[in-house]
Amino acid sequence: MEDTQSFRLTGESDIEKIRLVNVNGQNIIYWDEIQDVFPGVKYVKNGEVTVAKMRDSDENRIKPHRIKHCPNVVLDVVLSPISTPNPGFEGTVIHKLDEVLKRVQEANDRLILIQSKTEAILTQNYELLEYTIPRLFIVLPEKSTPWDPKTMLYTKFRLHFICECGEHTKAPGSKIPHHLHLANHEGYVVNKPTEFFKKYGPFLTLMLEMIKVGTSIAGHVVPALASLKVVDILDSAQSTIDTVTSKVIKGVDYSLKYLKESRNLIQKSDGVDVDGNARMSQQDLDTYLNGVEGLEGVDLRQLGSYLSANSSDNLLGNLYRMTTKDGHVKWVCRHHYRAGYQEAHTQKLRDV
């Protein structure tokens, strides 16, 4: 008389024997005994027929679960399929992660490049006679409109000078930060945009990137654009400042897109095949920005020929020229000019 039931994995030849248990005169095999030998068992077959778990008179499965003994046969055990990652899906995820990591690295490299180039510009010193107008500026569209490359050539831009405040305008011991900011001025209309952007495009790209990502070098602080009060309007309501800041954030993005598309148009005119939708590679950006230098005195003097300005304005953008204690020339707003002027005279009194 048999006292075990024979089992094997479907398609395998190795046989495992599990003891029988007699319950109410009937030989059975408890399901958990089968699970102990064959983890992950889904069901058992006798030939082509599934061996059902036993039920009571009400057709409910008897607990603990069990099956009837099948004499003189070997039952086949079918395991539940193991869930495995889809190779195609897994490959796609890995590829996407590689792309993200690559873009993060490119963004870091880009930030380092921008900081190194802006540091060179911010620490560049001019002779007093060369420095007749402010040297730091960006351009923003006159009107806030969604970016559309099809209508970009109809966009009117205004040039906005940047106040060069910093450590040199702070009172000793002051904890109030003096951040570079846009001058409180309506800006100057760019008259000949094609020629203007061809000449000043690399410099503008660098300045716009500096304003967008922020930096802290050479005694100057530029917070990231999203957290920056970009215009120093001391007597304005906070809601007005927020509105202006929001407009500038959108304008900086628009101007950067315009400059990128302008570069593509210039390259196409030179016979270079350019995909306007392609993202500028890190190598392309390095090549483009590595050639950026601070504007020479002649470049600054020529700036006025591209702009509309009232004769009384003298292309100063409400900025004032000051000389730091180190003899460097800076152009700052009225508020920071007064702060720097007061500090200079205080220092003279201390030196007496």
Side-chain angles (χ1 to χ4, degrees), residues 115 118-128 130-140 158-188 206-208 210-225 227-238 240-245 247-249 252 294-295 300 303 309 312-351:
Q115 288 180 328
T118 51
E119 180 174 18
I121 290 174
L122 292 176
T123 55
Q124 185 178 26
N125 297 317
Y126 292 92
E127 295 297 328
L128 189 61
E130 290 185 301
Y131 209 11
T132 55
I133 66 172
R135 60 174 178 147
L136 302 183
F137 55 85
I138 62 171
V139 293
L140 298 172
R158 283 183 178 267
L159 180 143
H160 298 269
F161 286 115
I162 297 173
C163 171
E164 297 180 72
C165 57
E167 293 298 320
H168 48 278
T169 56
K170 290 175 62 176
S174 173
K175 301 298 182 181
I176 301 175
H178 285 200
H179 298 157
L180 266 70
H181 61 86
L182 298 188
N184 186 12
H185 186 273
E186 64 181 3
Y188 301 97
L206 188 62
M207 289 292 100
L208 287 164
M210 178 189 75
I211 291 289
K212 183 174 182 179
V213 302
T215 187
S216 178
I217 46 180
H220 297 278
V221 177
V222 185
L225 185 56
S227 62
L228 173 64
K229 186 181 75 173
V230 292
V231 181
D232 193 10
I233 312 175
L234 300 178
D235 298 325
S236 297
Q238 184 62 44
T240 301
I241 295 175
D242 292 342
T243 299
V244 173
T245 301
K247 182 178 179 180
V248 172
I249 290 174
V252 166
L295 300 178
L300 290 172
L303 188 63
S312 59
D313 193 32
N314 292 326
L315 204 65
L316 302 180
N318 286 345
L319 296 181
Y320 300 82
R321 185 168 62 182
M322 67 171 290
T323 304
T324 68
K325 62 182 180 181
D326 298 322
H328 300 156
V329 177
K330 304 289 183 182
W331 286 87
V332 297
C333 65
R334 181 190 300 268
H335 171 68
H336 291 125
Y337 180 79
R338 286 175 175 172
Y341 181 82
Q342 182 178 3
E343 165 56 18
H345 279 267
T346 302
Q347 183 62 45
K348 287 181 180 180
L349 290 173
R350 286 197 293 264
D351 295 339

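Numbers here are sequence positions counted from 1. Scope of the values below: all heavy atoms of this structure, side chains included, with no hydrogens, waters or symmetry mates.
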Of the non-hydrogen atoms in [X] and [Y], which two are nearest, and what is the gap between them?
| X | Y | answer |
| --- | --- | --- |
| C333 | C163 | N-SG, 3.2 Å |
| L208 | V252 | O-CG1, 3.9 Å |
| Y337 | R321 | CE1-O, 3.5 Å |
| A183 | G317 | CB-O, 3.3 Å |
| I162 | L319 | O-CD1, 3.7 Å |
| L159 | F137 | CD1-CD1, 3.4 Å |

Please say whether more than 12 non-hydrogen atoms of neighbouring residues, nucleotides or ligands are located less than 6.0 Å from CZ in R158.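 More than 12 heavy atoms, drawn from other residues, nucleotides or ligands, come within 6.0 Å of this atom.
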
Could you tell me the separation between the CG atom of N318 and the CD atom of E186, rounded to the nearest 0.5 Å?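 It comes to 9.0 Å.
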
Starting at CZ of R135, measure out to CZ of F161 and round the result to the nearest 0.5 Å.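 Interatomic distance, R135 CZ to F161 CZ, rounded to 0.5 Å: 12.5 Å.
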
Under 6.0 Å between ring centres, would you say that holds for H181 and H336?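 Yes; H336 has its ring centre under 6.0 Å from that of H181.
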
